Structure formats: structure tokens, C-alpha cells
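Written out below as C-alpha cells is the structure these notes cover.
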Protein chains: 2
Amino acid sequence: MASARQISGPCQAWPEDSAFIREVLDRIGDKWTVLIVSTLSDGSLRYSDLQASIPGISQRMLTQTLKHLERDGLLTRTAFAEVPPRVEYELTDLGRSLMGAVMAMAGWAATHHSEIASNRAASELTGVGRGKTTVSASAG
Amino acid sequence: MASARQISGPCQAWPEDSAFIREVLDRIGDKWTVLIVSTLSDGSLRYSDLQASIPGISQRMLTQTLKHLERDGLLTRTAFAEVPPRVEYELTDLGRSLMGAVMAMAGWAATHHSEIASNRAASELTGVGRGKTTVSASAG
DNA sequence: CGGGATCCTTCTTGATACTG
DNA sequence: CAGTATCAAGAAGGATCCCG
């Protein structure tokens with residue numbers, strides 16, 4: 001996604017600011033980013049530790065996401081020139097502040113996820129969001 | 001952030017809670033969700049108004065995202081049985097609270113996006129996140 | 001151990017055409 | 001107007017092989 005960035009609208013909340021909001025969303029909206037960052041919140045870890053700590057991840061995604069995070073300055077990568085190669089990843093202050101923001105989202109999620117879940121369940125029965133909807137007789 | 005635990009915890013951040021965090025992230029991580037919700041923050045709008053207010057969107061994505069949001073109880077859909085069909089979409093309280101959460105994220109983004117941008121720019125020159133990285137001589 | 005490069009499959013998305 | 005249905009292109013992700 002994130003192809004064209006022409007999102008200027010007439011009556012919007014954020015006129016043009018949405019640009020970097022989407023940047024952030026593109027980053028944390030990524031499944032692995034959140035998992036990696038949260039895993040690193042305990043302290044620095046090496047590549048294989050991360051891979052072991054995050055069950056479903058492939059090394060492709062691990063490497064790629066780590067690169068993105070490093071590029072954005074959310075974590076640091078330190079390679080040790082030892083005989084058995086060792087690389088350690090650690091969150092920067094910026095990375096930890098992202099954790100805080102995600103935690104805030106988590107708070108919202110924790111507060112409302114049951115409500116969302118019940119809404120969703122109710123929709124299954126009602127048919128809402130699948131064709132059937134509230135139909136009002138002409139209110140004009 | 002209410003029930004979430006400390007950032008510098010002993011073991012892992014979220015053992016199993018990540019489930020509904022990801023649910024929320026999957027929703028707002030979606031480009032269109034944020035745009036639709038923010039567009040509706042001004043009040044109810046009809047289908048064609050939304051389509052006009054969000055330049056890049058296709059009716060496929062518009063319809064689909066609206067359905068998801070309706071299903072999760074973030075907005076309501078009201079169809080009027082008039083001769084020229086009219087359907088209005090409006091945020092629920094839950095939807096508006098999501099707006100608040102996204103605004104919070106926007107706050108973080110606003111605070112740090114320049115830092116991220118400069119980090120990213122610096123990485124272009126340094127080569128960080130693209131192969132070259134900080135290499136420490138064997139520390140042990 | 002820590003990746004880089006490649007292939008291949010799946011999911012997502014945009015464009016198009018048709019309906020009530 | 002407000003969608004639905006179908007199709008094809010592209011991106012994302014996983015598996016695999018290989019190198020330093």
C-alpha cells in the first residue's frame with residue numbers, strides 16, 4: 001500500500017498532517033513491528049533470540065523489519081566481530097517512546113475490545129456489515 | 001494505558017494480550033479506515049460524499065471498509081427508502097473514541113516524525129538499515 | 001550465527017461492468 | 001445513488017539455498 005499521497009480533502013480533521021500519521025501507522029500497523037518492539041522492551045537481544053521469541057516470524061520478515069526499525073532510529077544494531085558472529089538489537093529512547101504510544105493504543109484496545117467483539121458477534125446474527133442493514137422509511 | 005504493565009518488565013511485554021491489540025492495529029493500520037473515520041468526525045455523510053471526500057478510494061474499498069467499521073460498531077449505516085436512494089454513515093461513540101486514540105497516536109507522530117525523518121535521512125547516507133552497521137570489535 | 005538473494009504462493013486492491 | 005460481482009495486477013510474506 002502507500003502508493004500516492006494525495007489525501008487532501010475538503011472537510012477533514014487533519015488536512016495534510018495525515019502524511020506522517022500514516023507513516024507511523026504503516027510502521028506499527030505492521031504485525032511484526034509491534035511484536036519485535038515489545039519483545040525488545042525487556043532489553044537487548046540477538047537475532048536468534050528474537051527469532052525464537054517470536055514464533056511465527058520468518059527470517060525474511062525479521063531481518064526486514066529490523067532494518068526498517070533501525071533505519072527509523074527505533075533500535076540500534078550492534079555486530080560483534082567474533083568467531084561465532086553475534087549481533088545485538090536494542091531499543092533506542094525513540095523506540096521505547098513508541099512502546100509507550102503502542103501501550104496507549106493497547107489501553108484503548110483493552111477497554112473496548114469486548115465491546116467490539118460483541119458488536120461483531122451481534123453482526124453475525126443480524127447480518128450487519130454483510131448486506132442487511134437498518135432501513136428507515138423515508139424520513140423526508 | 002491502563003492495565004498494561006511496565007515497559008521495563010522482567011519477562012515479556014504482552015504474553016497473550018497482543019491478540020486484540022493486533023485486532024485494533026489491523027483495523028486502524030488500514031489506510032482507508034483512518035481516512036473514513038476522520039472524515040466522518042465532522043458528522044454523518046452519505047456514500048457519495050465519502051467517496052468525494054476521499055480522493056484515492058475506490059468504491060470497493062469504501063464499501064468494504066464501511067462494512068468492517070459497521071460490523072465492529074464503529075459507525076452506523078442508515079438507508080432511506082426514497083426514490084433516489086440515500087444512505088448515511090455516522091460515527092458511534094465507540095467510533096469517536098477510536099478517533100481519540102488515533103489522535104493520540106497522531107500526537108506521538110507529530111512529536112517524533114521529524115526525528116524519524118532525520119534518522120531515516122541519515123541512514124540513507126550512512127547505509128544503516130541497508131547492510132552497513134555499527135561494528136564493535138570482539139567484546140569478549 | 002546472521003543474514004542476502006531468489007522463487008513462488010497468497011492476499012490485497014484497483015478497475016470495470018452490471019443491478020436495484 | 002449505492003452498491004455487488006468478477007478479474008487481473010501487484011505487493012506482502014514464507015520457504016529455500018547460499019555465503020561470510
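Note that the structure is a prediction, hence the values are computed from the model and not measured. Lettering of chains follows the sequences in order, A, B, ..., and the numbering in each one begins at 1.
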For the pair made of CZ in B:R77 and C1' in D:dT4, what is the distance, rounded to whole Å?
12 Å
Could you check B:D49 against B:R60 and say which one's nearest nucleotide on DNA chain D is further toward the 5' end?
B:D49
For A:R46 and C:dG2, is the shortest distance between a side-chain N/O and OP1 or OP2 below 4.0 Å?
yes
Integer-rounded Å distance: D:dG3 P and B:L50 CG
10 Å
Just list the side-chain donor-acceptor pairs under 3.5 Å for residues 98-105 of chain B, sequence neighbours left out, or say none.
none

State whether a side-chain donor-acceptor pair under 3.5 Å links B:T78 with B:Y89.
no
Phosphate-side-chain proximity, B:K67 and D:dT4, N/O vs OP1/OP2 below 4.0 Å:
yes
Test for a donor-acceptor pair under 3.5 Å between the base of D:dT4 and the side chain of B:Q64, counting only N and O atoms.
no
Could you state the CG-P distance from B:L62 to D:dC1, rounded to the nearest angstrom?
14 Å
Out of D:dG20, C:dG4, D:dG14, whichever nucleotide has its closest atom nearest the side chain of A:P85
D:dG20
Taking all non-hydrogen atoms of both residues into account, name the closest pair between B:T111 and B:S114 and its distance.
O-OG, 4.4 Å
Nearest to the side chain of B:Y89 - C:dG2, D:dG3, D:dC1?
D:dG3
Is any side-chain N or O of B:S58 closer than 4.0 Å to OP1 or OP2 of C:dT13?
no
Check the distance between D:dA12's C1' and A:W32's CH2 and give it to me in whole angstrom.
12 Å
I'd like to know if B:E90 pairs up with B:R46 as an ion pair, taking the criterion as any Lys NZ or Arg NE/NH1/NH2 lying under 4.0 Å from an Asp or Glu carboxylate oxygen.
no
Nearest listed nucleotide, side chain of B:T63, among D:dG14, C:dG3, D:dG3
D:dG3
Output the rounded distance in Å from CD (A:E70) to C1' (C:dG3).
13 Å
Test log, rule side-chain contact (heavy atoms from CB on, under 4.5 Å), inputs A:V87 and A:F80:
CA-CA 6 Å; A:V87 179; A:F80 297 91; over 6 Å; no
If you go through the side-chain atoms of B:Q59, does one of them form a donor-acceptor pair with the base of C:dG14 closer than 3.5 Å?
no
I need the CE-C1' distance between A:M61 and D:dA12, as an integer number of Å.
7 Å
Expressed as a whole number of angstroms, how long is the span from A:Q51:CD to D:dG13:P?
16 Å
What is the separation between atom CD1 on B:I57 and atom P on C:dA15, rounded to the nearest whole Å?
12 Å
